[in-house]
Each structure stands twice: as structure tokens, then as C-alpha cells.
2 protein chains.
Amino acid sequence: MAAVTLSQVAHAAGVSQATASRVLNGSTRVPGEDVAERVRSTAERLGYVANAQAQALARSSTRLLGLVVQDIADPYFSSIARGVQAASRELQRQVLLASSERDLTLQLESVLALIAHRADAIIMAGSLWDEESVGNLRHALSGYADNGGRVATIGQPIGVGRTVEPANSDGAAELADALVDAGHSRFAIICGPAEMRTSKDRVRGFTASLTRHGFRPEAIVSADFSRDGGFDAAGRLIEETNLPGSGGAPLCVFAASDVMAIGAIAGWRARGIGVPRDVAVAGFDDIPTLRDHTPHLTSVELPLEWMGRQAARLALSGSESGAANDVIGEAAVRLRESTSLAVNSGRHGRRE
Amino acid sequence: MAAVTLSQVAHAAGVSQATASRVLNGSTRVPGEDVAERVRSTAERLGYVANAQAQALARSSTRLLGLVVQDIADPYFSSIARGVQAASRELQRQVLLASSERDLTLQLESVLALIAHRADAIIMAGSLWDEESVGNLRHALSGYADNGGRVATIGQPIGVGRTVEPANSDGAAELADALVDAGHSRFAIICGPAEMRTSKDRVRGFTASLTRHGFRPEAIVSADFSRDGGFDAAGRLIEETNLPGSGGAPLCVFAASDVMAIGAIAGWRARGIGVPRDVAVAGFDDIPTLRDHTPHLTSVELPLEWMGRQAARLALSGSESGAANDVIGEAAVRLRESTSLAVNSGRHGRRE
DNA sequence: CTGAAAGCGCTTACAG
DNA sequence: CTGAAAGCGCTTACAG
């Protein structure tokens with residue numbers, strides 16, 4: 001790449017490189033308007049675009065914001081990414097995006113790549129690790145932080161940097177409260193893999209609330225944290241539990257994410273089991289793209305985009321006392337058709 | 001940031017900086033294994049991570065891949081981004097993500113930022129422009145290309161670089177064919193803004209096919225290219241068209257995207273109009289997250305993730321004759337419940 | 001195989 | 001206000 005260089009512009013404009021630099025890249029020490037104008041028009045004419053790599057090296061600040069997500073196509077992460085992106089624009093940063101694919105090795109590689117690029121800050125969304133494997137990651141991150149790098153995690157603290165914590169446990173507990181209030185009395189759970197903290201927290205909150213109300217889940221089925229995982233789990237669940245006949249109390253299933261809930265509904269439908277006619281279902285996240293699903297899904301809304309923005313803010317704002325250290329993404333229960341009891345009283349229930 | 005430096009590692013290992021560089025960063029000219037090992041362990045001990053900015057400057061190659069999308073939270077773009085991300089991992093690149101928000105100014109700024117970072121290649125997905133505004137963009141991009149930058153667009157050619165073109169027009173035409181084959185005879189269209197080429201191409205292909213079959217749309221309603229746009233359009237459409245009574249031929253509405261179709265269905269449902277009972281609807285894109293929508297949506301599948309991969313390949317592969325210049329994202333019609341005529345024969349139709 | 005040195009394209013004290 | 005020069009952290013001919 002032989003792009004136009006600052007020194008070329010300076011030469012063509014008949015000034016020193018220092019002057020050209022000061023004119024073109026917002027220095028407070030502004031040269032005379034005549035010279036400035038000459039430099040500007042020369043730069044324009046030559047099509048000069050400053051080399052950000054060289055600037056970064058000279059300033060030792062890249063204005064890069066690193067973001068690692070598990071899967072950018074997952075609506076959960078793409079919503080967060082949107083928030084990060086928006087905040088980074090306001091904060092004049094560029095986003096360096098890495099995907100970890102739920103693979104611990106890739107996750108470490110991603111982080112290392114972001115460190116190599118000397119991103120001013122690194123945001124890790126939906127990180128996945130167990131206590132053994134987290135060592136390398138934490139080591140890399142804390143070295144990075146020691147050198148002035150800023151770290152923010154979304155989901156769980158990793159011991160370095162600040163964190164945006166979604167109210168997974170509390171939200172799930174409030175959901176259980178609301179479900180009990182609505183009249184449900186039989187519960188089961190579909191969740192993700194045991195080592196996934198997001199899923200674990202949600203199950204924990206849900207179960208704890210149930211216990212307070214004097215209930216406990218009749219079954220807990222774990223599967224891949226995906227639509228297909230929910231589909232499979234739906235099948236396994238009905239083998240483990242009794243769906244009531246027309247007389248009994250209906251079963252209410254909490255799926256640890258909307259995406260799993262959708263899969264479960266599809267799985268039941270394939271077996272002729274209707275929601276909420278034969279079984280009630282609640283999800284988590286309240287993904288916007290799924291708001292028009294039929295039946296409308298009871299869920300727990302999380303401010304995903306806002307959480308992305310906050311993570312960027314936490315990571316980029318000074319470490320001074322002013323800024324909060326951690327922030328909570330508050331959850332809000334949305335009771336909807338999928339857990340409705342009204343239509344559940346008999347076999348003749350109509351949807352709508 | 002005072003990260004450990006190559007020269008520090010070299011010093012600590014008692015070798016020259018050149019040697020350290022050769023050991024640590026895959027040069028073919030490998031030093032003796034004893035020295036190499038000493039350098040490696042020193043680097044490890046000191047926690048050395050190469051500064052990618054400095055490397056980029058020295059090598060004049062950043063290994064950065066720029067991607068600009070309109071909205072990363074839109075499933076259309078996040079699917080593409082996933083493909084780009086996957087390919088870039090295989091090609092050892094990092095992704096620099098920019099969002100243009102359907103704003104021409106932001107779009108230009110995004111591209112300029114990517115150029116400033118000297119990305120090896122820039123991919124523009126779902127670009128939006130009219131012939132007047134495209135000037136600046138094309139100018140920036142062609143200057144970039146002149147300096148060795150590679151460009152790929154997804155959606156429409158911009159006159160510089162290669163392009164991945166989704167079969168919007170052909171796919172929509174095939175959809176119309178299939179719908180006519182299935183027995184539909186009355187049509188209407190819900191589309192995005194006139195200046196959006198994606199929408200325009202789809203409408204054009206659909207209408208052209210209709211014409212060949214001797215039909216023409218009874219109404220064309222344009223709205224925002226979003227769920228809410230579809231919702232609004234649904235309302236306006238029924239004011240402009242006659243929905244048949246129990247006897248007449250049913251209306252079949254083509255929405256220019258799945259997201260608009262979903263919105264339209266919600267809009268009708270809010271007015272007591274059922275799909276496909278009262279009106280048939282087809283979308284476009286076949287978004288995976290919407291596959292479990294009720295009714296199952298007739299759509300035209302586009303290989304979005306694959307298109308992202310191809311764009312990365314086109315952009316990063318050599319300009320030599322070997323590689324194809326442009327590639328088509330083939331469309332595949334998926335006829336499903338939302339355009340089913342079986343249930344449409346009377347008022348007693350049941351969904352499922 | 002190994003090293004001294006120039007150069008990548010900027011910024012920024014330091015002088016004038 | 002303006003410029004000469006050092007320095008940011010690497011790579012890579014060029015010698016030895």
C-alpha cells in the first residue's frame with residue numbers, strides 16, 4: 001500500500017511535517033489560518049488519510065475497542081454488540097470484533113489478538129469457562145490490565161476489570177414469583193450445560209423462588225443452549241414427567257433462554273402437544289426478533305443493548321472514583337400467552 | 001501502556017532484536033534451536049505480546065478486515081457477519097466492525113475509519129446509496145483500491161472491487177412462479193423505501209414474473225424496511241385492497257423481507273385478519289431465528305453466512321485470474337404454511 | 001546463523 | 001507560530 005503520506009502532504013504544501021500534523025490532526029496548537037488552509041487543501045487534493053497504525057504507535061493509544069462474543073449471529077450477542085457499537089461511535093472508538101464460538105482455546109486466542117492490537121479496552125460478553133481453564137485467560141487479561149488496558153465482562157466477573165451483570169438469578173426468581181401468583185403449581189426446567197453460568201444462575205434463581213413458595217421442579221433437563229437443544233429437551237421432558245390429563249394441574253416449564261423455549265415449543269408441537277393448551281412455557285431474554293412468536297412468549301426482559309453500552313462506558317471511562325465499578329442489567333418479567341392458564345382449563349381451548 | 005517490548009525480550013535473552021524478532025514471529029530464517037528456545041522462554045516469562053500496530057507499520061500489512069453493516073442486530077447482517085468472521089479466522093485476519101445505521105454520512109465515516117486503519121480489505125454489506133451521494137464513497141474506495149486495498153460489496157456493485165450479489169430478483173421471480181403454480185391468482189406487495197435496491201430488486205423480480213403469468217399486483221405499499229414498517233403497511237394495504245369474502249379468491253401478499261412479513265402478520269392479527277386463513281403472505285431471506293414462527297413463513301432462502309464467507313474470500317484472495325470476480329448468492333424458494341391455500345377454502349380453517 | 005542499522009508514518013517535547 | 005529531531009515497536013535487506 002503506497003498511500004499518501006503526511007510528509008508528502010507537508011512537502012507539497014511547503015511546510016514541515018510537524019506543521020502538517022498539527023493542522024490535520026486536531027492539535028490545540030493551531031498554526032495560522034493561511035498555512036492551515038493550504039495544508040488542508042493539499043491533503044484533500046492528494047487524498048490523504050492518516051495512517052491510524054502510525055498514529056497509534058506514536059501516541060501509544062489505538063482508540064480500538066475489542067469485543068469478544070460467542071456467536072455474533074445469536075440475537076443475544078448481536079443486541080449487545082449493537083450497544084457496544086453505538087457507544088464506541090460516541091466515544092470515537094473503532095470496534096475490533098472477535099468470536100469465541102464457545103471454545104475455550106479460541107476465546108484465549110481472541111483475547112490475545114485483541115491485546116496484540118493494543119485495544120484500549122476489551123469487552124468479553126458471555127464468556128464461558130470453568131475454574132481450571134480460566135487461568136490462562138485471567139493471566140493474559142491481568143497482564144493487559146497492568147499495562148493500562150481496561151477490561152469489562154458482561155455476564156460474570158473474571159477477577160479483572162469491571163462487569164455488567166444481568167440480573168439472571170433475580171430475574172428468574174421474579175419470574176417464578178409471577179408464575180406462582182398466576183396460579184401455576186407444577187414446574188419443570190429446561191436448561192443449558194451445567195458449566196454455563198448464565199444458565200446455572202437462572203435455574204438457581206428460579207428454583208430458589210419455587211422453594212420459598214413451597215414448590216420444587218419435577219424435572220430438570222439440560223441440553224445444548226440453543227433452539228435444537230430446546231427441541232430435544234422437550235422430548236426428553238415429557239418422558240420424565242406426567243403431562244396432566246384434562247383434569248390435572250398443568251405443567252409450567254421454564255426454559256433458560258427464549259431460544260431454547262422456542263425450540264421446546266416446536267418439539268412439543270411436533271408431538272401434538274400445544275402451548276399453552278397442554279403445557280405452559282416461559283423463556284428468558286425477551287429477544288425482540290421473537291416478540292411476534294405464537295404463542296407470545298412469557299419471558300424476562302434484559303436490557304441487552306443498554307448492557308453493551310454500559311460495558312463500553314465502564315471499560316473506557318477513567319478508573320477514577322467517579323464511575324461505578326459494576327452495573328446490573330435489571331430484569332423485567334413479561335407475562336404473556338405462553339403461560340396463560342385461561343385456555344388451559346380444557347381441551348377445547350382456542351388460541352389467540 | 002508500557003507493555004513488554006521486543007527489545008526488552010532480546011536484551012533479557014542476550015540476543016539482538018533482529019534475532020528475537022525472527023524467533024518470535026515466524027520467519028523462515030530460524031536461528032539455532034538453543035538460542036530460539038532461550039528467546040521463547042524469556043518472552044513467555046516476561047509476558048511478551050507483539051505489538052500488532054508496530055508490526056503493521058513495519059510490514060505495511062495490517063491483517064485487518066473491515067466490515068461495514070447497517071445494523072449488526074438485524075439478523076440479516078449478523079448472519080453475514082458470522083460468515084465474514086468465520087472466514088477471517090481461517091484467513092488469519094481480525095475483523096474491524098463498523099455500523100452505518102442506514103445513514104449515508106455515517107457510512108462514509110465508517111469507510112474512512114477503516115481506510116485510516118489500513119485494513120487489508122473492506123467489505124460493505126447492504127450498502128445504501130443513491131447515485132448522487134455515492135460519489136464521495138466511490139472516490140474514497142477507489143483511492144483505497146489504488147493503494148492496494150481490496151474491496152467487496154454484498155448487495156450491489158459500487159464500481160470498485162468485487163461483489164457478492166444475492167439473487168434478489170431471480171429469487172423473487174421464482175417465488176412468484178411457485179405461488180402461481182400453487183394456485184394463487186391475486187397479488188399485492190409490501191416493500192421498503194424506493195431507494196433501497198435490495199427491496200427494489202425483489203419487487204422487480206416478483207412483478208416481472210407475475211406479468212409473465214398474466215397477473216399484476218393489485219397494490220404496492222411501501223414502508224420502512226422493518227418489522228414496524230410491515231405492521232403499518234399491513235393496515236394500509238387492507239384499506240387499498242379488497243380482502244375476499246368467503247367465496248372469492250384469496251389475496252397473496254409478498255413482503256420484501258421476512259422481518260416485514262412478520263410485522264405484517266402481526267398487523268393483520270391485531271385487526272382480526274388471520275394468515276393464511278384470510279390472506280396469504282410470503283417473505284424473503286428465510287431468517288433462521290424466524291423458522292419457528294406461526295404460521296411457518298413462506299420465504300426465499302438466501303445463503304447469508306456463505307455470502308459473508310465469499311465476500312471475505314473475494315476480498316482477500318489475490319486479484320489474479322484464478323478467483324471469480326463476482327459471485328451470486330443463490331436463492332431457494334421455501335413454500336410453507338403462510339401461503340397455503342388448503343385452509344383458505346372456508347372460514348372454518350384451523351391453523352397448525 | 002547473527003547483528004547493526006535503516007525505515008515504516010506518525011506525534012511531540014524542545015528550540016527558535 | 002514553525003521546524004528539526006527523537007522516538008513509538010517492529011521488520012528486513014545488507015553485511016559479516
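In what follows, chains carry the letters A, B, and so on, assigned in the order in which the sequence lines appear, proteins first and then strands, with residues in each chain numbered from 1. Every heavy atom of this structure was used, including side-chain atoms; hydrogens, water molecules and symmetry mates were not.
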Taking the side chain of B:Asn51 as heavy atoms from C-beta outward, which of C:dT11, D:dG9, D:dA4 is closest to it? D:dG9
Atom pair distance, as rounded to whole Å: NE2 in B:His117 and P in C:dC8: 21 Å
Assuming nearest nucleotide by heavy-atom distance, tell me which of B:Val15 and A:Ala18 is located more 5' along DNA chain C. B:Val15
Separation of D:dG7 atom C1' from B:Gln8 atom CD, nearest Å, is 15 Å
Lys/Arg N to Asp/Glu carboxylate O, A:Arg102 vs A:Asp71, below 4.0 Å: no
Once you round it to whole Å, what is the distance between P of D:dC10 and OH of B:Tyr48? 4 Å
For B:Ala50, answer base if it contacts any base atom (sugar-phosphate contacts may also be present), sugar-phosphate if it contacts only those atoms, and nothing otherwise; contact means non-hydrogen atoms under 4.0 Å. sugar-phosphate
What is the separation between atom CG on A:Leu57 and atom C1' on C:dT12, rounded to the nearest whole Å? 14 Å
From CZ of B:Arg38 over to C1' of C:dC1, roughly how many Å is that when rounded to an integer? 13 Å
Consider the side chain of A:Leu6, meaning its heavy atoms from C-beta on, and name the nucleotide among C:dT11, D:dG3, D:dT11 that approaches it most closely. C:dT11
Residue-phosphate contact under 4.0 Å: B:Thr19 side-chain N/O, C:dG3 OP1/OP2: yes
Option among A:Leu97, A:Leu64, A:Leu114 that satisfies the side-chain contact (heavy atoms from CB on, under 4.5 Å) test with B:Gln94: A:Leu114
Distance criterion of 3.5 Å, no angle test: do you see the side chain of A:Arg22 paired donor-to-acceptor with the base of D:dG3? yes
Give a yes/no answer on whether the side chain of B:Thr5 brings an N or O atom under 4.0 Å of OP1 or OP2 in D:dC10. yes
Given atom NE2 of B:His11 and atom P of D:dG9, what is their separation to the nearest angstrom? 16 Å
Quick one: label A:Gln53 by what it contacts on the DNA or RNA (base, sugar-phosphate, nothing), any heavy atom closer than 4.0 Å. nothing
Quick one about A:Ser88 and A:Arg63 (side-chain donor to acceptor, distance below 3.5 Å, no hydrogens or angles considered), yes or no? no
Taking CZ from A:Arg63 and P from C:dT11, how many angstroms apart are they, rounded to a whole number? 13 Å
When rounded to the nearest 0.5 Å, the distance separating CG of B:Leu314 from CD of B:Gln310 is 6.5 Å
In this structure, how many angstroms lie between the P atom of D:dT12 and the CG atom of B:Leu24, rounded? 14 Å
With distance as the sole criterion, is a donor-acceptor pair present between the side chains of B:Ser78 and A:Arg82 under 3.5 Å? no
May I ask you to evaluate whether A:Ser21 reaches the phosphate of C:dT11, defined as a side-chain N or O under 4.0 Å from OP1 or OP2? yes
Using Watson-Crick or G-U wobble geometry with both distances under 3.5 Å, which nucleotide pairs with D:dC1? C:dG16
